[in-house]
2 protein chains.
Amino acid sequence: MLNLHALRLFHHVAEQGSVTKAADQLNISQPAVTSQIKKLERELGLPLLSPLGRGILLTEAGKRLAAEAGRLFALERNIEQTIDDYIQGNAGRLLIAATYLPANFLLPASIAKYKQHYPNVEVQFTTTSSANAINLLLRYEADIAFIGGARQSHPSLDSKQWIEDEMWFVIHKNHRLASQETLLAEVIKEPIAFREKGSYSREQLLAMCQLHRLELPKVGLQLNGFSELIRVVSEGYGVAFLSALEAREEVERGDLRRIYVKDVRLTNPISLHQRKEALPAQARRFLDFVPAGL
Amino acid sequence: MLNLHALRLFHHVAEQGSVTKAADQLNISQPAVTSQIKKLERELGLPLLSPLGRGILLTEAGKRLAAEAGRLFALERNIEQTIDDYIQGNAGRLLIAATYLPANFLLPASIAKYKQHYPNVEVQFTTTSSANAINLLLRYEADIAFIGGARQSHPSLDSKQWIEDEMWFVIHKNHRLASQETLLAEVIKEPIAFREKGSYSREQLLAMCQLHRLELPKVGLQLNGFSELIRVVSEGYGVAFLSALEAREEVERGDLRRIYVKDVRLTNPISLHQRKEALPAQARRFLDFVPAGL
DNA sequence: AATAATTATATATTATATTTATAATTTAAT
DNA sequence: ATTAAATTATAAATATAATATATAATTATT
C-alpha cells in the first residue's frame, strides 16, 4: 500500500526538479516536503533523491518512481474530470419513471429536447404503475417520477403537484349530445366505455355518481388502454370519461366531441416525485426542459 | 485533487458492499470509515452511499466512482509490483563502469552469467578512464566501477582493493631473454614498447628505474592499446611491460615468453568503487557473479 | 416485542503533517 | 578568500486530521 500523499509531493518534486519549487507550488513549507520524501524513502527502502550541489538529483529509482507516479496522477486528473462531468450533468444517467399519461403525452417532447443538449447522458425512461414508480425512486432506479392520477406518496419522498389536467366526457361527433351542455344524470344514461378497474378515471366517475346520488352507470365496455378506448368511442359506441390530454387530438380533429357536463368539473392531477436528498444534476437539468406546472 | 485516503476506504466499502466489513479488512474502526466517506461526499458534493435496511447501497455516483477507484488502485498495485521487482533486483538497470583491463579480461564473463539470471535488467557497461568512472559514480550514471591501475578515489565513495594482478615483462619467444631470469638493468637495455604517457604500466616502470637508479629506458615505441602492444612484441620488436591478464593468453600459447626479472615484483591493483549509500540491488546481485578478490 | 446487525454521531485520543527557526552545504559574487 | 545567496536537512513546537471508544438510531430477524 503506497503512501499516496508522500508520492504526490514526490511527484511535484520530480516535476519541478526542486524541493523548494515543489513546496511553493503545493503551498506548503519546504521542510514539509523534505520530511515526506524522507518518509517515502524509508517506507520503500529506496533512495529517491540525492543532493547535487545546492539542489537535488533524482536517483535511478527516483526517476522510475516519478514515471509511475506520473501515470497515477494523470489517472487521478482523469477521474476528477469524469466526476466533474457527472456533477455538471454532462455525463452519467438520467433515470425517469412515469405513469402512462405523462409518459405518453407530456414527457416525450422534453426528453427529445434534453437529449439534444446532453447527448452524453444515458436516459432511461420507464413507464410503469404509480406504485412501482415510487419503488424505483426508493431503490435509486429512478431519480424523478411523474405520476398521474391517484396521489401516491411516501414519507421519504418529496412530492409536488405538477400539472392539473381536466377530465372530459367525449362522444361520437354525430351523437345528439355532441358539443352540448348537459348534466351528469343525462350522460350516464348513455353506455359508458370504461378503463380497467382501479383506474383513476373510472374511480372518479363512480365517486361522482355516488356524490350526486345517481344510479351507477352500466359498464358498457371495459378497455385496457386509452387508445383502444378512443377508437371504440370514435366508432360510435358510448361515452368515454378521460383526461383532456388523451382526447384533445381527436376532439380538435373533430372525430370526437366533448359533452359539457355542467355539474361535474374534475381534474386529473399529475405529480412530480423525488427522494428528499438533492436531485442529481442530470435530473435537475432535465427539469429545465419540462413545462412548468401550474 | 482527490482525497486518495478517503477514496481508498470508499473503494474497500464498495468492494465489500459494507462499511463494517471494509473496516475489518482495513483493520480500523467502523466509525473511522463512515467518517472518511462522509468527508469524501462533502468534498465531492456527491452522495456515494445511501442506507438500505441495515446496510448500505451505492448510489449511481457511488457506483461510477467505485469503478474509477478500482482502476486507480489497480494501477497502484501495479506500481508496487514494479517497485518490488526493482528492489529485488529483478528489473531496472545495472550501471557498470570499468577501465579497460577489468572491462576486457575480468568482467565480460560475469556480465554474461548475470544476464542469464536477470534477463529483465538492462545492463549498461561503460569502458572509460578511471577519472571518468569516478564521475559516473558521483552522477549516478554508474553504480559500481572497476578501476585498474592508479588508486583513484573520492571522499564520498567507498573503494576497496579487489584483485592484484601481477605485472610481467614479455618478449618474443626466440629472444635470448625468453623465459630467463635476469635483472631490471639487463631488461632495460632492450628497446621497450610502451603504452601511452600516464598509463599505469609506463609510470610504474619508470618509477622502478628511478628507484634502482638506472638510466631511463629509451621509448622504442609508443602504442595506444594493449592488443597493438602485444602484436608488436609478438612480431619480434622489444620488451613489453604489462599486466599478466593482458599477456597470459599469448604466453600460454607460446607466442610470447616472460622474462623473470628478479629485482622487480610489481602488481597492478584493480579496485572496486561505489557510492557510500546502500548499493542498488541490481549491483549487489551482480557482485555475486564477480570472482571474489584476494 | 426482543434481539442482533449495521450504520451514524459525538467526544476524546492519537497519530501525522506542517510550520517555524535554524543549521549545513554549495554555488556565485565581490 | 570571504561573503552572500540559494538550497536542502534537522529539530522542536504546533496544528491538523484520522482514529477509537462509547452510544444512538435504524432495520431485519426471531
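To find a chain, count down the sequence lines: A is the first, B the second, and so on, and within it residues start at 1.
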* Asked: Rounded to whole angstroms, how far apart are CG on B/Asp24 and P on C/dT7?
  -> 10 Å
* To do: Round to a whole Å and report the spacing from CG of A/Leu4 to C1' of C/dT16.
  => 16 Å
* Of B/Arg202, B/Gln204, B/Glu203, which is the lone residue that meets side chain to side chain contact (heavy atoms under 4.5 Å, CB included) with B/Tyr200? -> B/Gln204
* So how far is it from B/Leu106 CG to B/Phe146 CZ, rounded to the nearest 0.5 Å? -> 9.0 Å
* N/O donor-acceptor pair, side chain B/Arg54 with base D/dT26, under 3.5 angstrom -> no
* Structure fact -> Between A/Pro31 and B/Gly55, the residue closer to the 5' end of DNA chain C by nearest nucleotide is B/Gly55
* Asked: Taking side chain as C-beta onward, heavy atoms only, is B/Arg8 less than 4.5 Å from B/Glu76?
  -> yes
* Asked: Do any side-chain nitrogens or oxygens of A/Lys21 fall under 4.0 Å of OP1 or OP2 in D/dT7?
  -> no
* **Whole-Å gap separating P (C/dT16) and CD1 (A/Ile37)** => 19 Å
* Would you say the side chain of A/Gln36 and the base of C/dA17 hold a donor-acceptor pair, judged only by whether the two atoms sit under 3.5 Å apart? -> no
* **Any A/Ser18 side-chain nitrogen or oxygen under 4.0 Å from OP1 or OP2 of D/dT7** => no
* OP1, OP2 of C/dA17 versus side-chain N and O of A/Ser35: anything below 4.0 Å? -> no
* Could you state the NE2-P distance from B/His12 to D/dT19, rounded to the nearest angstrom? -> 12 Å
* To do: Check whether any side-chain N or O of A/Lys38 sits under 4.0 Å from OP1 or OP2 of D/dA9, and answer yes or no.
  => yes
* To do: Report the distance from atom CG of B/Leu52 to atom P of D/dT27, rounded to the nearest whole Å.
  => 10 Å
* To do: Kindly assign one of parallel, tilted or perpendicular to the pair A/Phe289 and A/Tyr118, based on the angle between their ring planes and the thresholds 30° and 60°.
  => perpendicular
* Structure fact -> The single option from A/Val19, A/Leu48, A/Asn3 that satisfies side chain to side chain contact (heavy atoms under 4.5 Å, CB included) with A/Phe10 is A/Leu48
* Structure fact -> Of B/Gln30 and B/Ala6, the one whose nearest nucleotide on DNA chain D sits closer to the 5' end is B/Ala6
* To do: May I have the distance from B/Phe10 (atom CZ) to C/dT7 (atom P), rounded to whole angstrom?
  => 14 Å
* Rounded to the nearest angstrom, tell me the gap between atom NE2 in B/His5 and atom C1' in D/dT16. => 13 Å
* To do: Look at the side-chain N and O atoms of B/Thr34 and state whether any lies under 4.0 Å from the OP1 or OP2 oxygen of C/dA8.
  => yes
* **Residue B/Ser29, side-chain heavy atoms: nucleotide from D/dT21, C/dT18, C/dT7 that is nearest** => D/dT21
* For atom CD1 of A/Ile28 and atom C1' of D/dT16, their distance in whole Å -> 13 Å
